[in-house]
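Report on one structure; see the data block that follows.
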Amino acid sequence: MTDLLLHNVRAMQPGEGIVASSLLLRGGWIEALDPNLGKADSVRKINGGGRLLTPGLIDIHAHGIRQFLYENSAEDLWAGLASVGRYGVTCVLPTLYRATRPDQLPTLERLADALDCRPGLPIPGFHLEGPFLALPGAGAATCRGDVAQLEEILAAAKYRVTAMSISPDTPGILPVIECLMEHGIAAFMTHTQASVEQTQAAIDAGARHATHFLDVFPMPQETEPGVRPVGAVEAILADPRVTVDFIADGVHVHPTAIRATLAAKGYDKIVLITDSNVGAGLPGGTYDTPWGFAVDVRPGDAARMVDPSDPSKRLLAGSALTADVGMANLRRWLDLPDYQVWAMGTRNAAALFGWANKGVIRQGADADLVLWNEADGRLQAVQTWVGGRCVFDVTVDGENWELTT
């Protein structure tokens, strides 16, 4: 790990604004903002060309990237995590759903072992989407709440679990949420058609976040004409304790819905995710998946499953979003100061888990940083550092864009 001075940059502190024009990195940390240059005489220097420097993006819900599915194998996990830096991501929660099934727990054990084989990966732990869900969504498992089963899953994962997605309307879910709280694991609400009362009970038990909000959150059935039904969505919007995240691809959630949630929650309770899968970050085309079907990826669209019997049918098959595109979309859609939008991809995600040294630019914070190109509303990572180590350099690994000053 090389000590480094980044100078001639516009260092953005999410939630505040531009806070420095140079940063001194030592030992994987930010040692100083606008340091005395005498302290940096002997370190390597990089001229940022006046570009924007931000904390790295944090993706807390992502299933895969490019041709790699995180739960497919240790090799896919390693290769996928090694590629996220090109999209400005410095921390990710690989999101697993099939691996939580009883017959798949050996796979979960192998994935947990894989984390120890490659120290320094940009991953605090796993996000388990299920199995205690009420609605299946994109193939996720559904079953009633069972604390004994939960403990088996956590043991298989070697307790390397940061978050678990649950449904407030899953029978027996409250003891599961309470057990997650005892283990220090965040309970995310999703895949639900819960009532207001069920949702409030889950929140009171400790669930404080809703993931891919509004997706697989169907409206309750209307029981009386002229009376609008309310349920989990309204309960989550009304409770100031709860944060939410969105797939900001413009397909899964309309930008107007994000703006409406912003009006209810404020910018500091909204988090950007990708929910990315095979095909994310790849050029338009058709790509095979480990599930035995192909997905069709087109610019500006989600991943679509190709129906072999009718190629004109393109069924939604997850997200093809990368975090840099999601951030660019939010900057375009939301009438907010730029530093508040950047908080949605950085500081707000870190705050969910109490990661005080991530998602921020300040003395003593992790040197997880991205230097960006900006043009025509787009973003491209020029260089990405994780713990002060360069994991992506567009001049070596880049594609598509030419460097601009």
Side-chain angles (χ1 to χ4, degrees), residues 14-15 58 60-61 127 129 132-135 137 163-170 173-174 177 180-181 186-224 226-275 319 321 326-327 329-331 333-337 340-353:
I58 300 173
I60 63 174
H61 192 147
H127 171 187
E129 190 171 10
F132 307 115
L133 299 174
L135 302 175
M164 174 178 271
S165 288
I166 56 86
S167 302
D169 44 339
T170 295
I173 197 61
L174 295 183
I177 296 173
L180 291 172
M181 297 303 100
F188 288 1
M189 296 176 285
T190 196
H191 289 253
T192 182
Q193 199 171 15
S195 67
V196 169
E197 292 75 20
Q198 289 170 320
T199 308
Q200 288 176 336
I203 295 169
D204 290 339
R208 293 288 190 274
H209 184 75
T211 192
H212 57 56
F213 189 48
L214 302 182
D215 296 305
V216 204
F217 282 77
M219 273 183 66
Q221 184 176 359
E222 186 177 79
T223 58
E224 182 179 354
V227 178
R228 181 178 177 83
V230 297
V233 167
E234 290 76 16
I236 288 166
L237 289 174
D239 197 312
R241 295 174 292 178
V242 182
T243 54
V244 304
D245 64 51
F246 285 109
I247 307 169
D249 61 359
V251 177
H252 284 81
V253 181
H254 194 281
T256 297
I258 298 178
R259 288 192 286 265
T261 304
L262 174 65
K265 288 289 183 186
Y267 82 91
D268 57 337
K269 288 186 168 63
I270 295 177
V271 174
L272 166 68
I273 63 164
T274 63
D275 201 7
S319 163
L321 183 69
M327 176 55 63
N329 287 341
L330 290 178
R331 295 174 85 194
W333 296 338
L334 303 179
D335 185 18
L336 289 175
Q340 293 184 353
V341 182
W342 277 101
M344 297 177 184
T346 56
R347 188 194 70 178
N348 295 356
L352 290 179
F353 307 103

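- Atoms CG and CD, on Asn348 and Gln340 in that order, are 10.0 Å from each other to the nearest 0.5 Å.
- Between Gly15 and Ala343, the closest heavy-atom pair is N-CB, 4.1 Å.
- Around the CD atom of Gln221, the shell of radius 6.0 Å holds no more than 12 heavy atoms that belong to other residues, nucleotides or ligands.
- Side chains of Val253 and Thr261 form no contact here, defined as non-hydrogen atoms less than 4.5 Å apart.
- One distance of note links CD1 of Ile203 with CD1 of Ile177; it measures 9.5 Å at 0.5 Å rounding.
- Within the 3.5 Å criterion, the main-chain N or O of Ser319 finds no donor-acceptor partner in the side chain of Asp275.
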side-chain hydrogen bond (donor to acceptor under 3.5 Å, both in side chains) evaluation trace for His212 with Thr190: CA-CA 7 Å; His212 57 56; Thr190 196; 3.1 Å; yes

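- Looking at Ser195, its side chain does come within 3.5 Å of a backbone N or O of Gln198 through a donor-acceptor pair.
- Proximity of a side-chain donor or acceptor of His209 to a complementary backbone N or O of Thr243 within less than 3.5 Å is detected.
- For the pair Met344/Phe246, no side-chain contact is recorded, criterion being any heavy-atom separation below 4.5 Å from C-beta on.
- Across all non-hydrogen atoms, the minimal contact from Pro14 to Arg347 is O-NH1, 3.5 Å.
- Taking the six-membered ring where tryptophan is involved, the planes of Phe188 and Phe353 are tilted, since the angle between them lies from 30° to 60°.
- A 4.5 Å side-chain heavy-atom check between Leu262 and Tyr267 finds at least one atom pair inside the cut-off.
- Checked by atom type and distance alone, the side chain of Glu129 never pairs as donor or acceptor with a backbone atom of Met164 at under 3.5 Å.
- The side-chain contact (heavy atoms from CB on, under 4.5 Å) test applied to Ala349 returns Ile58, Ile60, Val271, not counting sequence neighbours.
- For the residue pair Pro220 and Val230, the shortest heavy atom distance occurs at CG-O, 3.4 Å.
- Applying the salt bridge (Lys or Arg N to Asp or Glu O under 4.0 Å) definition to pairs two or more places apart or across chains, none involves residues 253-268.
- Here the NE2-CG distance, from His191 to Asp215, works out to 9.0 Å after rounding to the nearest 0.5 Å.
- Atom CH2 of residue Trp342 and atom CG of residue Leu272 lie 9.5 Å apart, to the nearest 0.5 angstrom.
- Taking 4.5 Å as the limit, some side-chain heavy atom of Val233 sits within range of a side-chain heavy atom of Phe213.
- Taken to the nearest 0.5 Å, the CE atom of Met327 stands 10.5 Å off from the CG atom of Leu321.
- Interatomic distance, Asp245 CG to Ile270 CD1, rounded to the nearest 0.5 Å: 10.0 Å.
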Using distance only, find each side-chain donor-acceptor pair of residues 235-242 under 3.5 Å and give its atom names and separation, not counting sequence neighbours.
from   : atom 1 : to     : atom 2 : distance (Å)
Asp239 : OD1    : Arg241 : N      : 2.9
Asp239 : OD1    : Arg241 : NE     : 3.0
Asp239 : OD2    : Arg241 : NE     : 3.4
Asp239 : OD2    : Arg241 : NH2    : 2.8
Arg241 : NH1    : Asp204 : OD1    : 3.2
Arg241 : NH2    : Asp204 : OD1    : 2.9

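- No donor-acceptor pair under 3.5 Å is formed between the side chain of Thr192 and the backbone N or O of Ser167.
- Of all heavy-atom pairs between His127 and Ser165, the closest is NE2-OG, 2.7 Å.
- Across Met189 and Ala207, no two heavy atoms sit closer than the pair CG-CB, 3.8 Å.
- Contact record, Phe132 with Thr170: O-OG1, 3.1 Å, taken as the closest heavy-atom pair.
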